[in-house]
Amino acid sequence: ADSMYKWSRNYNLLGLLYEKLNRPKEAEMYYLRALECEENDVYGLMNLAVIYSSKGDFEKAKEFFRKAFSIDSSNADLHYNYGVFLSKYPGNELLAEKSYWKCIQLNPAHRKALNNMGVIMMRKGKYAEAAGYFSNALRIEPSNPELMVNLAVAELELDKRAEAAALLDQALAASPN
């Protein structure tokens with residue numbers, strides 16, 4: 001059983017690699033193989049849900065998310081990816097926000113969830129809250145230019161021009177292009 005878990009993990013890693021190479025068919029194949037090794041593999045189920053979501057197959061994605069949550073509702077990555085999934089479909093903004101919030105409760109150092117919550121707060125006009133989320137994300141990944149720009153925009157909205165300018169200078173210095 002332990003070796004099947006290792007194979008499942010390896011197949012998930014191969015799937016992630018193929019996703020990064022923008023080869024979703026191969027990624028899907030490896031995620032399915034992961035589930036052949038371990039049918040209750042939360043990451044395999046979640047990764048398939050993400051693949052189906054990117055293909056626009058809402059129902060299939062929802063089915064895989066549902067199954068993953070039935071196995072482990074305390075997985076921060078699962079809540080994050082579910083939030084990303086929900087945010088793609090109009091009318092689900094509040095549910096997406098709740099999913100990111102749950103992710104952050106489970107893993108306060110989840111940089112992507114912190115960033116996404118900051119973006120949501122910006123859209124709501126809650127710039128101080130947005131700045132808080134972006135600042136927390138920057139503590140985790142201090143050289144991330146995207147986070148610097150996001151925080152700079154929030155600071156600008158809070159009329160903190162000097163702070164915003166300094167952040168934009170840092171972002172330009174940190175950006176490889």
Side-chain angles (χ1 to χ4, degrees), residues 12-13 15-24 27 42-43 45-56 58 61-62 64-65 68-69 72-177:
N12 272 309
L13 291 173
L16 289 170
L17 175 67
Y18 277 106
E19 259 191 273
K20 290 209 181 304
L21 294 171
N22 200 25
R23 293 171 59 182
V42 172
Y43 281 92
L45 293 164
M46 176 184 69
N47 291 334
L48 278 168
V50 168
I51 286 283
Y52 294 130
S53 172
S54 69
K55 289 180 173 183
F58 179 83
K62 202 163 67 170
F64 279 95
F65 276 121
F69 276 117
D72 184 5
S73 63
S74 65
N75 183 305
D77 292 330
L78 182 56
H79 284 279
Y80 167 76
N81 281 295
Y82 190 58
V84 171
F85 164 72
L86 290 168
S87 67
K88 291 179 180 180
Y89 301 96
N92 288 315
E93 293 83 7
L94 186 59
L95 291 173
E97 181 180 342
K98 286 180 180 179
S99 208
Y100 294 138
W101 176 243
K102 182 67 176 175
C103 171
I104 294 166
Q105 285 179 314
L106 294 166
N107 178 4
H110 201 290
R111 194 229 9 116
K112 291 180 178 180
L114 289 165
N115 180 64
N116 289 10
M117 280 296 286
V119 170
I120 288 171
M121 292 302 115
M122 290 281 288
R123 287 186 186 139
K124 290 181 165 190
K126 297 181 177 184
Y127 303 114
E129 286 183 52
Y133 283 114
F134 296 138
S135 293
N136 288 338
L138 263 172
R139 281 190 205 95
I140 297 157
E141 201 174 314
S143 61
N144 184 314
E146 175 192 2
L147 293 172
M148 292 174 199
V149 169
N150 288 349
L151 180 55
V153 172
E155 296 287 12
L156 198 56
E157 291 293 341
L158 293 168
D159 210 27
K160 296 181 177 179
R161 288 179 170 76
E163 292 90 335
L167 283 161
L168 289 173
D169 285 342
Q170 289 175 3
L172 286 171
S175 183
N177 321 11

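Residues: numbered from 1 along the sequence shown.
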To check you understand the geometry: which heavy-atom pair defines the closest contact between [X] and [Y], and what is its length?
X    : Y    : result
L106 : S73  : CD1-O, 4.3 Å
Y89  : S53  : OH-O, 3.9 Å
I51  : P24  : CD1-O, 4.1 Å
A96  : G83  : CB-O, 3.5 Å
A27  : G15  : CB-O, 3.3 Å
A130 : A154 : CB-CB, 4.4 Å

Backbone N or O of [Y] within a donor-acceptor pair of the [X] side chain at under 3.5 Å?
X    : Y    : answer
S99  : Y80  : no
S87  : V84  : yes
N115 : R111 : no
N92  : L95  : no

As an exercise, state the distance from [atom1] of [X] to [atom2] of [Y], rounded to the nearest 0.5 Å.
X    : Y    : atom1 : atom2 : result
Q170 : L167 : CD    : CG    : 5.5 Å
F69  : K62  : CZ    : NZ    : 13.0 Å
K112 : N144 : NZ    : CG    : 10.5 Å
K102 : H79  : NZ    : NE2   : 5.5 Å
N12  : L17  : CG    : CG    : 12.5 Å
N47  : N81  : CG    : CG    : 7.5 Å

Side-chain heavy-atom pair [X], [Y] within 4.5 angstrom cut-off:
X    : Y    : result
E146 : V149 : no
N75  : Y43  : yes
L78  : D72  : no
F85  : V50  : no
L168 : M148 : no

*asked:* Between I120 and Y100, is the side chain to side chain contact (heavy atoms under 4.5 Å, CB included) condition met? List the steps.
replied: CA-CA 10 Å; I120 288 171; Y100 294 138; 3.6 Å; yes
*Begin with the C-alpha distance, continue with both residues' side-chain angles, and end with the deciding distance and a verdict on side chain to side chain contact (heavy atoms under 4.5 Å, CB included) for E19 and L16.*
CA-CA 5 Å; E19 259 191 273; L16 289 170; 4.1 Å; yes
*Which pairs with one or both residues in residues 84-99 pass salt bridge (Lys or Arg N to Asp or Glu O under 4.0 Å), sequence neighbours excluded?*
E97-K124
*In chain order, what residues pass the salt bridge (charged side-chain N to carboxylate O under 4.0 Å, His left out) check against R161, with sequence neighbours excluded?*
D159
With [X] via ring pair (Phe, Tyr, Trp, His ring centres under 6.0 Å) - residues at least two apart:
X    : result
F64  : Y52
Y18  : Y30
Y133 : none

*Evaluate the side chain to side chain contact (heavy atoms under 4.5 Å, CB included) criterion for residues M122 and Y127: first the C-alpha distance (whole Å), next the side-chain angles of each, then the deciding distance (0.1 Å), finally the verdict.*
CA-CA 5 Å; M122 290 281 288; Y127 303 114; 3.6 Å; yes
*List in chain and number order the residues that pass side chain to side chain contact (heavy atoms under 4.5 Å, CB included) with N107, two or more places apart in sequence or in another chain; answer none if no residue qualifies.*
A76, A109, H110
